[in-house]
2 protein chains.
Amino acid sequence: MWTRRCGCRQTSRVRYDIQESQQGLIAVTSSLRKPSARASIAEYLAEAIFAGRYQPGDFVPRELDLCERFAINRSAVRSDLRQLVDAGIIERISGHGSKVREYAEWHILDPQVTEWMSRYAAPNPEIQREILAFRLDVEPYVAMTAARRATARDLVAIEEAFEGLGQNLRNASCAEERRLHSECDVAFHVAIFKATHNIVWAQLSHILRPSIHLLVTMSNEHASDPEESLERHRQVMESIRMRRPKEAFLAAQAVLAGTAEALGLEPGASSLGRGFELP
Amino acid sequence: MWTRRCGCRQTSRVRYDIQESQQGLIAVTSSLRKPSARASIAEYLAEAIFAGRYQPGDFVPRELDLCERFAINRSAVRSDLRQLVDAGIIERISGHGSKVREYAEWHILDPQVTEWMSRYAAPNPEIQREILAFRLDVEPYVAMTAARRATARDLVAIEEAFEGLGQNLRNASCAEERRLHSECDVAFHVAIFKATHNIVWAQLSHILRPSIHLLVTMSNEHASDPEESLERHRQVMESIRMRRPKEAFLAAQAVLAGTAEALGLEPGASSLGRGFELP
DNA sequence: TATTCGCCATTTGTTCAACATATACTTTTG
DNA sequence: CAAAAGTATATGTTGAACAAATGGCGAATA
């Protein structure tokens with residue numbers, strides 16, 4: 001007779017719910033309420049990997065173990081693992097296991113990956129610094145382009161985000177307020193990328209998310225003048241509205257200057273910015 | 001009794017091999033030799049979608065149909081469809097079908113997607129033009145950055161690609177030669193992106209593939225002077241070697257100028273290039 | 001007549017079972 | 001001692017059945 005090794009009975013499901021919460025997992029769905037919305041293994045593993053509990057070269061638990069831990073069948077586990085493979089995060093070696101790939105091989109431009117990065121923030125600081133360096137490179141130019149091409153509709157999006165930025169600025173104490181502020185910050189920059197009316201730039205806006213999120217988190221500690229930051233954002237917005245590309249370039253640089261410092265990156269290291277006499 | 005609706009016998013498998021080849025599919029593996037390397041449904045659908053046979057809003061065949069056509073089981077089909085979902089190309093609607101998403105929603109920065117784009121080329125020309133516009137925006141700056149940061153090892157990669165570019169330049173008649181030339185062209189530009197030593201830029205190098213591929217295809221018709229193009233590439237390489245950022249910027253612009261014209265994009269439209277007095 | 005409710009067909013989502021294949025380690029045998 | 005054979009363990013593939021979601025059709029109803 002073949003003894004079951006994967007499928008789990010309802011009893012064991014409850015058992016694992018408890019077991020996992022002791023290990024500090026992300027919230028496992030209250031399985032009794034809505035059994036359809038199953039806990040995503042991809043989500044769990046992404047969190048674990050981004051947090052560094054599994055590092056490049058490590059092997060994540062094998063399929064059958066994940067089946068047990070999450071009281072789920074193998075097909076579902078494999079489906080979720082597939083997502084990590086498509087994201088370039090893990091590599092499946094037949095007959096051996098699933099290995100975490102090197103950071104450089106991750107598809108960090110994939111929206112799903114950037115979402116994980118912002119959600120489970122502070123992945124390895126190295127990638128964060130790379131992304132911020134990239135932002136320092138391109139954002140001034142993106143703002144400049146937006147100043148040339150932005151339509152009225154684009155301005156609406158930018159302005160709405162800016163308004164939200166101002167409203168959620170005051171009481172940065174509560175967590176919810178901070179989250180909203182972060183959202184608006186992201187929305188503001190994304191709206192500018194979209195205003196370039198180029199599909200590549202627009203998609204690149206996704207990679208801002210993690211670094212902006214990290215920045216908002218850090219700015220709580222360093223606590224630079226929020227009023228000043230808001231004013232700098234306003235400068236960017238106004239320059240775009242007035243169709244003044246050069247001013248937009250400078251204003252965007254100013255916005256990033258402070259944030260770069262907070263992360264220990266000097267603005268002068270910008271690869272695109274140097275070598276030019278600014279207009 | 002439950003009648004089988006998905007799984008197919010070996011007989012039906014042969015049947016579909018023939019049927020599909022009549023429709024001009026990509027080569028279906030000679031199923032008798034190596035049954036392990038199964039025909040990828042993802043590959044087939046990607047080709048069909050990129051070729052425009054399924055357009056945004058259309059529904060691709062349902063799972064069971066794909067099972068039949070490719071003589072494969074449903075799990076495999078679902079696994080492959082998952083890949084297209086992760087690429088943002090299709091959207092699965094429970095109980096309805098799998099719909100092709102709008103071009104703007106595709107994850108065109110995903111390496112897998114860019115590979116499909118270059119392989120099955122000529123997706124919608126719109127995206128191609130967007131990508132080239134993006135290249136016009138950033139490549140000069142990337143070359144400039146590379147000129148500052150390139151190591152000796154980076155130069156080796158750049159030079160090797162350049163050598164291959166020269167060797168496969170002469171007889172552009174045969175398809176294999178053209179393919180090699182295209183490969184080297186990609187390798188050359190990718191090496192420069194890598195030389196920036198920024199993970200984001202390095203990954204962005206993937207999006208070169210489709211536009212370079214298209215360019216090589218078109219250059220067969222327009223037939224601009226290949227010697228001249230090679231010389232321009234050499235200029236970029238030398239500028240990077242000599243650590244002359246400004247020259248690298250200009251040389252890269254020159255390389256792209258001709259290619260832009262071939263695609264009906266004026267270099268002056270570059271969003272990053274304008275507004276500055278070049279050094 | 002128009003509208004809403006509920007049934008039904010279709011299609012994707014989940015689960016379970018069994019076997020095939022690839023890889024690493026171990027044991028056997030020359 | 002080394003090469004070959006075998007074994008343990010993991011992922012890969014296949015097949016079957018059921019569950020859930022969606023859309024459309026039709027009947028009951030205001």
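Throughout, protein chains are lettered first and strands after them, A, B, ... in sequence-line order, and every chain is numbered starting at 1.
- Applying the 4.0 Å criterion to OP1 and OP2 of C/dC16, one finds that A/Arg74 has every side-chain N and O outside that range.
- Atom C1' of nucleotide D/dG15 and atom CG of B/Leu64 are separated by 12 Å, given to the nearest angstrom.
- The side chain of B/Ser75 approaches D/dT14 more closely than any other nucleotide in the set D/dT14, C/dT12, D/dT22.
- Between the side chain of A/Asp154 and the backbone N or O of A/Thr151, at least one donor-acceptor pair lies under 3.5 Å.
- Listed for the B/Gln203 side chain is a donor-acceptor partner under 3.5 Å among the backbone atoms of A/Ala104.
- Nearest to the side chain of A/Ser94, among D/dT14, C/dT12, D/dG12, sits D/dG12.
- Side-chain atoms of B/Asp86 never come within 3.5 Å of backbone atoms of A/Asp86 as a donor-acceptor pair (strictly under, hydrogens ignored).
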Contact list (N/O, under 3.5 angstrom) for nucleotides 8-10 of chain C vs protein:
residue : atom : partner : partner atom : Å
C/dT10  : O2   : B/Gly95 : O            : 3.3

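- A/His189 is linked by a ring pair (Phe, Tyr, Trp, His ring centres under 6.0 Å) to A/His233, counting only residues two or more places apart in sequence or in another chain.
- No side-chain donor-acceptor contact under 3.5 Å links A/Ser79 to the backbone of A/Ser75.
- A straight line from CZ of B/Arg78 to C1' of D/dA19 spans 12 Å, rounded to a whole angstrom.
- As rounded to whole Å, 12 Å separates atom C1' of D/dT9 from atom CG of A/Asp65.
- Qualifying salt bridge (charged side-chain N to carboxylate O under 4.0 Å, His left out) partners for B/Glu91, counting only residues two or more places apart in sequence or in other chains: none.
- Rounding to whole angstrom units, CD of residue B/Glu63 and C1' of D/dG15 are separated by 14 Å.
- Looking at A/Gln83, its side chain never comes within 3.5 Å of a backbone N or O of A/Ala42 through a donor-acceptor pair.
- The nearest whole Å value for the distance from the CG atom in B/Asn73 to the C1' atom in C/dA20 is 12 Å.
- Residue A/Ile72 contributes atom CD1, which lies 14 Å from atom P of C/dG13 at whole-angstrom precision.
- Between A/Arg92 and D/dG12 there is a side-chain N or O to OP1 or OP2 distance below 4.0 Å.
- Between the P atom of D/dA10 and the CG atom of A/Leu66 lies a distance of 12 Å, rounded to the nearest Å.
- B/Arg82 has its CZ atom 13 Å from the C1' atom of C/dT14, to the nearest Å.
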